[in-house]
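Notes follow the structure.
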Amino acid sequence: MSSILIDSANILVDDELTKANILTENGLIKCISKTEPLKGDMTIHADGLIALPGMIDAHVHLRDMQLAYKETFETGTQAAAAGGFTTVLDMPNTRPPTTSSANLTDKMSRAEGRLYSNVAFQGSLLTDPAELKLMAKQGAIAFKLYLNKALETFDASDQSKLTTALHAAKETNLPVTVHGENGDEIRRIQHESLAEGKTSVNNFLSAHTASIEVTAVRRILGLAASLNLQIHICHITVSEAVNLVKRTPNATCEATAHHLLLNRSVFRKYGTLAICVPPIRTETERKGLWNLFSRGEVDILASDHAPHTLEEKTKQNAWEAASGVPGLETSLPVMFTQVVNGKLTLRRLVEATCERPARIFHLSKKGQLKEGYDADIVLVDPKEKTRVDPAQFHSKAKFSPFAGQRCIGRAAFTIVNGALVAERGKIVGPAAGKITRSDQARVSS
Ligand code: NCD
Ligand code: ZN
Ligand code: ZN
C-alpha cells in the first residue's frame, strides 16, 4: 500500500492549532512531525487545512440487502467518506435483521470489499446469552435495543425479559445502545388519533412527546445501573433525559445535528420529509440540548443517517410517512459552521466525533491522530463555503431537513486506512474500508 505525506497541515494539540506533517504507511499513521523531513509516495499539500482524526459516526443505517433500494453498503459508505466519516456503526434494523449470529455473518460477508469507510456492525439485543456471545465473537460492536419496538426480538415492555437480555449483554462486555421511546404509549396515542381521523404532522408529533422519551430513558438507565452495564442512549433530544444519563455511571448519550440545530419550524418547510423519531423538537428543547452538547454533557454527535425513498417520505397521512433523515453528508458542514461562528469549539467537535465515540465503542486504534493508530484522517477546509444540495449526495436519500442551508467548512480530503478515498465531495479512491470489530468483547467460554 502506498504511503501518503500530508504536508503542513494544522493539527489540534491541546486547544491550539499547530503545523505538522503526517506520514501514513501500510494503513497506519507512521509519523507526525513538525521538523523531520518526510517523504511519501503521494503528497497532499495541506496548507490552510485542518487535519482531524477520521470522524466516527456511531449511528448509521446502511440498509443494503432487501432494503438496498434505500441505501447500499457502497452508497452509504461513499456518503460517509465524502462527509468526513472514516468509520460508521451500522444498525441492525435491516431486512433480514441482525438478530442472530448467522445473519451477522451473512451481513459481514456481503459487505466485504464494498466499503468506502470502515464499518462496525451493531447486533440486536436478544434474550439468548449464547447467541449474543456468538455475535460478540464475530465482532459485533454493540447490541441495540429498540424500546419503541422497531425491531421486535422480544417484548421489551416485559421487565423480566428485558432484564434477562441485559444480563446476557453484560456477559459479552459490549455496550447496549438504546432507542429511548416507549412504543406502547406511542401506538396508543396513534390509534386514538387515527380513530378521530387525525393524520397531520402535528398529530404525529403529539404521539412522540418529550415525556415518553424521558420515561423510557429513565427506565432503561435504572435497569442498566443495577447491573453496572455499559449503556448508550441513541439520538437523545430532551435535557431532562441527558441529565439522567449524566447521573448514571457507565452511561453515555449521543445527539444528532438535526436535533441540535433545527426546531419545529422545519415542518413548515419540509412537512413529512423532516419526520424522524424521536422528532425534531421545539426551540426551547433544542436550545437546552445544544447547551448540554456544547458543554460536553451530551457525549457524542451521531447522524442517525436513516435513508428512505422520496416516495416513502412524502405522504398525505403523516402516520404513513417513513421516519428518518440522511445525515452523513451534512453533519460536518452544519456543525463546522457552528465552530466558525464561535458557537462550538473545535476541541469539542473533535471530542464528540472522534475521541469519545472511539472510547465508548472500544475502537482502540481510532479517534486520535497518533503514531501507530489507523491512518483514518480527514482534512477539513475551514473556509470552503457550500450549500446543502441533496441532489449531490452519494446517499440514495436525496433529501435533507438542511437543504439549502449555507455552510462553512467541509471535508476536503478523507483518508481511510491510508488510502485517499474522497476529495471535496467526490469519491476518488478505492473501497478501502474494513469491517471493524470490537476490541472489547469478552469471547472466551
Ligand atoms: C430510523 C430508521 O429509519 O431506520 N428512523 C428514524 O426515524 N430515526 C430508526 C431509528 O433510528 O429509530
Ligand atoms: Zn432510533
Ligand atoms: Zn437510527
Side-chain angles (χ1 to χ4, degrees), residues 57-72 76 79-80 85 88-99 119-125 141-153 156 176-183 186-187 190 201 204-205 207-208 212-213 216-217 220 231-238 241 253-260 262 266-267 270-281 300-313 315 318-328 330-331 395-397 399-401:
D57 191 338
H59 191 148
V60 168
H61 300 268
L62 291 176
R63 316 276 196 215
D64 208 86
M65 302 178 291
Q66 289 165 44
L67 300 177
Y69 70 93
K70 295 181 196 249
E71 196 77 295
T72 64
F85 292 95
V88 303
L89 273 55
D90 175 63
M91 285 296 173
N93 63 335
T94 44
R95 251 181 248 151
T98 320
T99 45
V119 178
F121 292 100
Q122 298 205 20
S124 171
L125 183 67
I141 199 81
F143 295 116
K144 178 74 186 267
L145 167 66
Y146 288 91
L147 287 175
N148 61 340
K149 299 192 184 167
L151 179 62
E152 310 242 358
T153 47
V176 170
T177 59
V178 184
H179 180 116
E181 283 186 306
N182 177 352
I186 292 165
R187 270 180 293 275
Q190 178 176 351
V201 171
F204 174 89
L205 296 173
H208 291 263
I212 285 179
E213 180 176 331
V217 169
I220 194 67
I231 199 101
H232 177 78
I233 307 296
C234 298
H235 45 42
I236 210 160
T237 69
V238 188
C253 62
E254 71 190 28
T256 72
H258 47 277
H259 291 116
L260 286 165
L262 301 174
V266 75
F267 296 105
Y270 294 109
T272 53
L273 271 189
I275 282 184
C276 58
V277 289
I280 293 170
R281 298 207 186 272
I300 67 175
L301 180 80
S303 72
D304 188 12
H305 178 82
H308 298 285
T309 65
L310 275 175
E311 202 198 333
E312 292 169 319
K313 290 292 297 178
K315 301 279 181 193
W319 300 105
E320 289 170 4
S323 75
V325 296
L328 282 167
T330 48
S331 291
S395 170
K396 288 191 178 186
F399 63 92
S400 168

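Counting starts at 1 for both ligands and their atoms, in listed order. These values consider heavy atoms only, across backbone and side chains, with no hydrogens, waters or symmetry-generated copies. These figures come from a predicted structure and were not determined experimentally.
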May I ask you to identify, for [X], whether its side chain, its backbone, both or neither come under 4.0 Å of ligand 1 on a heavy-atom basis?
X: D304; result: side chain
X: M91; result: neither
X: R63; result: side chain
X: I275; result: neither

Please list, in number order, the atoms of ligand 1 under 4.0 Å from a heavy atom of [X].
X: H59; value: 11 (O)
X: H235; value: 11 (O), 12 (O)
X: C276; value: 7 (O)
X: H308; value: 3 (O)
X: G324; value: 5 (N), 6 (C), 7 (O)

Could you tell me whether a side-chain N or O of [X] sits under 3.5 Å from a main-chain N or O of [Y], the two making a donor and an acceptor?
X: S331; Y: G327; answer: yes
X: D57; Y: S303; answer: yes
X: E213; Y: T237; answer: yes
X: E254; Y: C234; answer: no
X: K315; Y: A322; answer: no
X: K313; Y: P307; answer: no

Starting from [atom], locate the nearest protein heavy atom and write down its residue, its atom name and how far away it is, to 0.1 Å.
atom: atom 5 (N) of ligand 1; result: S323 O, 3.1 Å
atom: atom 1 (C) of ligand 1; result: H61 NE2, 3.6 Å
atom: atom 7 (O) of ligand 1; result: V277 N, 2.9 Å
atom: atom 12 (O) of ligand 1; result: H179 ND1, 2.9 Å

Exercise. Do any heavy atoms of H305 fall under 4.0 Å from ligand 1?
Worked result: no
Exercise. Do T94 and D64 pass the side chain to side chain contact (heavy atoms under 4.5 Å, CB included) test, and can you show the C-alpha distance, the side-chain angles, and the key distance before you say yes or no?
Worked result: CA-CA 8 Å; T94 44; D64 208 86; over 6 Å; no
Exercise. Hey, mind stepping through E181 and H208 against side-chain hydrogen bond (donor to acceptor under 3.5 Å, both in side chains) and telling me if it holds?
Worked result: CA-CA 8 Å; E181 283 186 306; H208 291 263; 2.9 Å; yes
Exercise. Any N/O/S of H179 under 2.8 Å from the Zn ion (ligand 2)?
Worked result: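 It does; at least one qualifying atom falls short of 2.8 Å.
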For this session: Could you confirm whether H235 has any N/O/S atom lying under 2.8 Å from the Zn ion (ligand 2)?
Result: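 Checking the Zn ion (ligand 2) against H235, an N, O or S atom does fall under 2.8 Å.
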For this session: Using the six-membered ring wherever Trp is involved, compare the ring planes of H235 and H259 and label them parallel, tilted or perpendicular (cut-offs 30° and 60°).
Result: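 Plane angle over 60°, so perpendicular.
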So which of the N, O or S atoms of [X] lies nearest the Zn ion (ligand 3)?
X: H59; result: NE2
X: D304; result: OD1
X: H61; result: NE2

Exercise. Mind checking whether the Zn ion (ligand 3) has an N, O or S of C234 under 2.8 Å?
Worked result: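 No.
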For this session: Show your reasoning for whether side chain to side chain contact (heavy atoms under 4.5 Å, CB included) applies to M91 and K144.
Result: CA-CA 8 Å; M91 285 296 173; K144 178 74 186 267; 3.5 Å; yes
Problem set entry | Min side-chain heavy-atom separation P278-H179 under 4.5 Å | yes
Problem set entry | Residue pair F121 / T98, side-chain heavy-atom distance below 4.5 Å |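 Counting from C-beta outward, F121 and T98 never come under 4.5 Å.
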